[in-house]
Visitor: 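If you scroll down you'll find the structure; I have some questions about it.
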Amino acid sequence: MAITRDDVLKALSTVTVDRGDTTLPDSGRLSQVVIDPGNRVMFSIRIDPSEAERFEPVRREAEGRVLALSGVSSVLASLTSERAPNPPAPGAAPRPPAGAPGAPPRQGNALPGVRHIVAVASGKGGVGKSTTACNLALGLSAQGLKVGLLDADIYGPSVPKLLGLSGKPRVIEGKTLEPLQAYGLKAMSIGLLIEPESAMIWRGPMVQSAITQMLRDVAWGELDVLIVDMPPGTGDAQLTMAQATPLSGAVIVSTPQDLALIDARRGVTMFRKVSVPILGVIENMATFICPNCGAASAIFGHGGARHEAERLEVPFLGEIPLTMAIRETSDAGRPVVATDPDGPQAKIYREIAQKLWANLSGAPAGRAAPKIVIE
Ligand code: ADP
């Protein structure tokens with residue numbers, strides 16, 4: 001039976017807030033309610049950051065009431081805090097890192113048990129961001145680190161395909177999702193939780209709600225690094241996600257072409273806006289390695305990302321060639337770092353992962369989330 005928005009609002013009208021003075025739908029705190037074709041219900045509750053503790057029971061109650069409706073398959077409810085947008089003017093000096101003198105005050109807690117959360121981002125789609133995120137996670141794992149991979153690419157989740165994962169994650173005690181395991185990584189993907197087409201209608205609060213839930217309601221356990229595969233681009237959804245996630249830093253993946261580099265620059269600017277340190281830039285598809293003769297040719301130009309990283313004064317982490325082995329293994333769910341660990345590609349990813357870890361070890365652990373701004 002299809003569930004309607006009215007059904008959800010009716011269920012939510014049994015939840016009272018503000019000392020019983022009003023119901024959740026009448027309180028003006030409820031976001032738009034979204035129901036996807038799989039009867040998954042998503043909404044968020046607007047609060048002031050100081051009210052977070054008081055509203056957690058309300059969030060749980062609201063989630064429970066909606067989940068009790070017949071036909072609802074799952075509920076994604078979260079607390080969101082909106083602020084008037086106040087980014088620095090373009091070209092303004094980046095804000096100091098959180099915790100440094102003059103930095104915005106820290107808010108909330110980072111993820112317990114997770115030492116570092118690192119975003120892998122790109123200014124545009126198709127540059128190999130997900131492939132890089134996945135192999136980078138495996139490269140970190142090859143160093144003996146405990147690593148998780150969170151696919152937050154709401155517009156095209158590809159981690160299930162890259163790691164050969166399918167099926168729904170198991171729910172533990174009715175409230176926590178168990179991450180899937182692949183090649184020694186703990187993995188969770190938005191693609192395992194929602195119908196792909198439903199994400200297209202998401203706005204700031206929904207995006208934030210999804211990422212918050214995937215961080216908080218997944219049993220990540222103890223991790224040295226959680227790699228977050230971000231949605232490509234630098235729009236509102238990406239900015240919201242960068243703000244909603246307590247990131248230690250971000251890695252930008254770019255191809256060497258000028259256009260991709262312009263987009264990569266926007267990516268660097270976006271993270272700087274929200275005081276997230278840039279841990280480095282990676283040039284993907286730097287050279288084409290001919291599968292027949294092994295010769296390398298720079299079909300997209302070469303070295304552009306290294307040059308751009310220098311210009312932007314951010315670390316350059318390395319170059320990954322365009323090879324059949326990388327394309328075939330990632331498209332077959334058998335990532336090259338795990339399935340050909342002694343091969344030349346795995347070596348490149350491992351070296352980049354080592355540099356990343358070195359840069360990360362110098363970064364503050366578990367930086368608290370910066371202020372949330374919903375456009
Ligand atoms: P994005 O996440 O940026 O959209 P993907 O990681 O999904 O990009 O990669 C897009 C396509 O490019 C995939 O088919 C993938 O296998 C391929 N690809 C990515 N990096 C490489 C590489 N270094 N060599 C060959 N193919 C690659």
Side-chain angles (χ1 to χ4, degrees), residues 118-139 149-165 182-183 185 187 189-191 196 199-200 227-235 237-238 241 250-257 259-264 266-268 270 281-292 294-306 316-340 343-353:
V118 174
V120 175
S122 63
K124 64 169 194 166
V127 300
K129 167 184 58 63
S130 301
T131 304
T132 307
C134 178
N135 281 297
L136 206 52
L138 290 163
L149 178 59
L150 170 57
D151 181 6
D153 187 348
I154 50 172
Y155 303 125
S158 47
V159 165
K161 184 174 162 202
L162 282 164
L163 291 177
L165 296 171
Y183 304 105
L185 301 178
S189 169
I190 189 83
M200 302 310 288
I227 297 285
V228 182
D229 184 9
M230 298 277 286
T234 50
Q238 289 79 4
M241 213 173 260
V251 172
I252 309 281
V253 180
S254 179
T255 56
Q257 298 102 315
L259 282 178
L261 289 166
I262 291 170
D263 289 314
R266 289 203 186 103
V268 170
M270 178 184 81
V281 171
I282 297 174
E283 183 167 284
N284 191 35
M285 310 189 190
T287 52
F288 171 65
I289 309 290
C290 172
N292 301 316
S297 37
I299 47 178
F300 300 133
H302 181 219
R306 179 190 290 275
F316 182 69
L317 292 175
E319 295 163 8
I320 301 161
L322 174 68
T323 70
M324 281 299 275
I326 294 177
R327 198 200 63 70
E328 283 174 358
T329 51
S330 53
D331 293 353
R334 306 182 70 254
V336 74
V337 171
T339 56
D340 185 17
Q345 283 89 15
K347 183 166 176 278
I348 293 169
Y349 283 114
R350 274 202 311 272
E351 282 171 3
I352 292 177

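Indexing begins at 1, ligand by ligand and atom by atom, following the structure's order. In this text, all values refer to a predicted model and were calculated from it rather than measured experimentally. For the single chain, residues carry numbers from 1 onward in sequence order.
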Visitor: Could you pull out all residues at least two apart from T323 that satisfy side chain to side chain contact (heavy atoms under 4.5 Å, CB included)?
Guide: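 Residues passing side chain to side chain contact (heavy atoms under 4.5 Å, CB included) with T323: I289, P321, A325, I326, Q345.
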Visitor: Could you list which atoms of ligand 1 come closer than 4.0 Å to a heavy atom of S330?
Guide: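 Counting atoms of ligand 1 from 1, those under 4.0 Å from S330 are 15 (C), 16 (O).
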Visitor: Under a 4.0 angstrom heavy-atom cut-off, which atoms of ligand 1 come close to V127?
Guide: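 Checking each atom against V127, I get 3 (O).
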Visitor: Should you measure from each heavy atom of K129, which atoms of ligand 1 turn up under 4.0 Å away?
Guide: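 Those of ligand 1 that fall under 4.0 Å from K129 are 1 (P), 2 (O), 3 (O), 6 (O), 8 (O).
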Visitor: Give yes or no for whether the N/O distance cutoff of 3.5 Å, strictly under, is met between G128 and ligand 1.
Guide: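 Yes.
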Visitor: Below 4.0 angstrom from a heavy atom of P321, which ligand 1 atoms are there? Numbered from 1 as shown, please.
Guide: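 By the 4.0 Å cutoff, the relevant atoms are 22 (C), 23 (N), 24 (N).
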Visitor: Is atom 13 (C) of ligand 1 touching the protein, meaning some protein heavy atom lies under 4.0 Å away?
Guide: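 There is a protein heavy atom less than 4.0 Å from atom 13 (C) of ligand 1.
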Visitor: Please determine if E283 and R306 form a salt bridge, counting it only when a charged side-chain N lies under 4.0 Å from a carboxylate O.
Guide: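 So E283 does not pair with R306 through a salt bridge.
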Visitor: Rounded to the nearest 0.5 Å, what separates atom NZ in K129 from atom CG in N284?
Guide: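 With rounding to 0.5 Å, NZ (K129) is 11.5 Å from CG (N284).
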Visitor: Checking contacts here: is it the side chain or the backbone of D229 that comes within 4.0 Å of ligand 1, counting heavy atoms only? Could be both or neither.
Guide: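 It is neither; nothing of D229 touches ligand 1.
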Visitor: Could you tell me, atom by atom, which parts of ligand 1 come under 4.0 Å of a heavy atom of I320?
Guide: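 Answer for ligand 1: 23 (N).
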Visitor: Identify the protein heavy atom lying closest to atom 4 (O) of ligand 1, giving its residue, its atom name and the separation to 0.1 Å.
Guide: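 Ranking protein heavy atoms by distance from atom 4 (O) of ligand 1, first comes G126 N, 2.9 Å.
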Visitor: Excluding sequence neighbours, so at least two apart, what forms side chain to side chain contact (heavy atoms under 4.5 Å, CB included) with A353?
Guide: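 A353: side chain to side chain contact (heavy atoms under 4.5 Å, CB included) contacts with L136, L140, Q143.
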Visitor: Y183 and G333: which non-hydrogen atoms are nearest, and at how many Å?
Guide: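 That closest heavy-atom pairing would be OH-O, 2.9 Å.
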Visitor: Going by a strict under-4.0 Å cutoff (protein heavy atoms only), does atom 22 (C) of ligand 1 have a neighbour on the protein?
Guide: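 Answer yes: something from the protein, a heavy atom, is under 4.0 Å.
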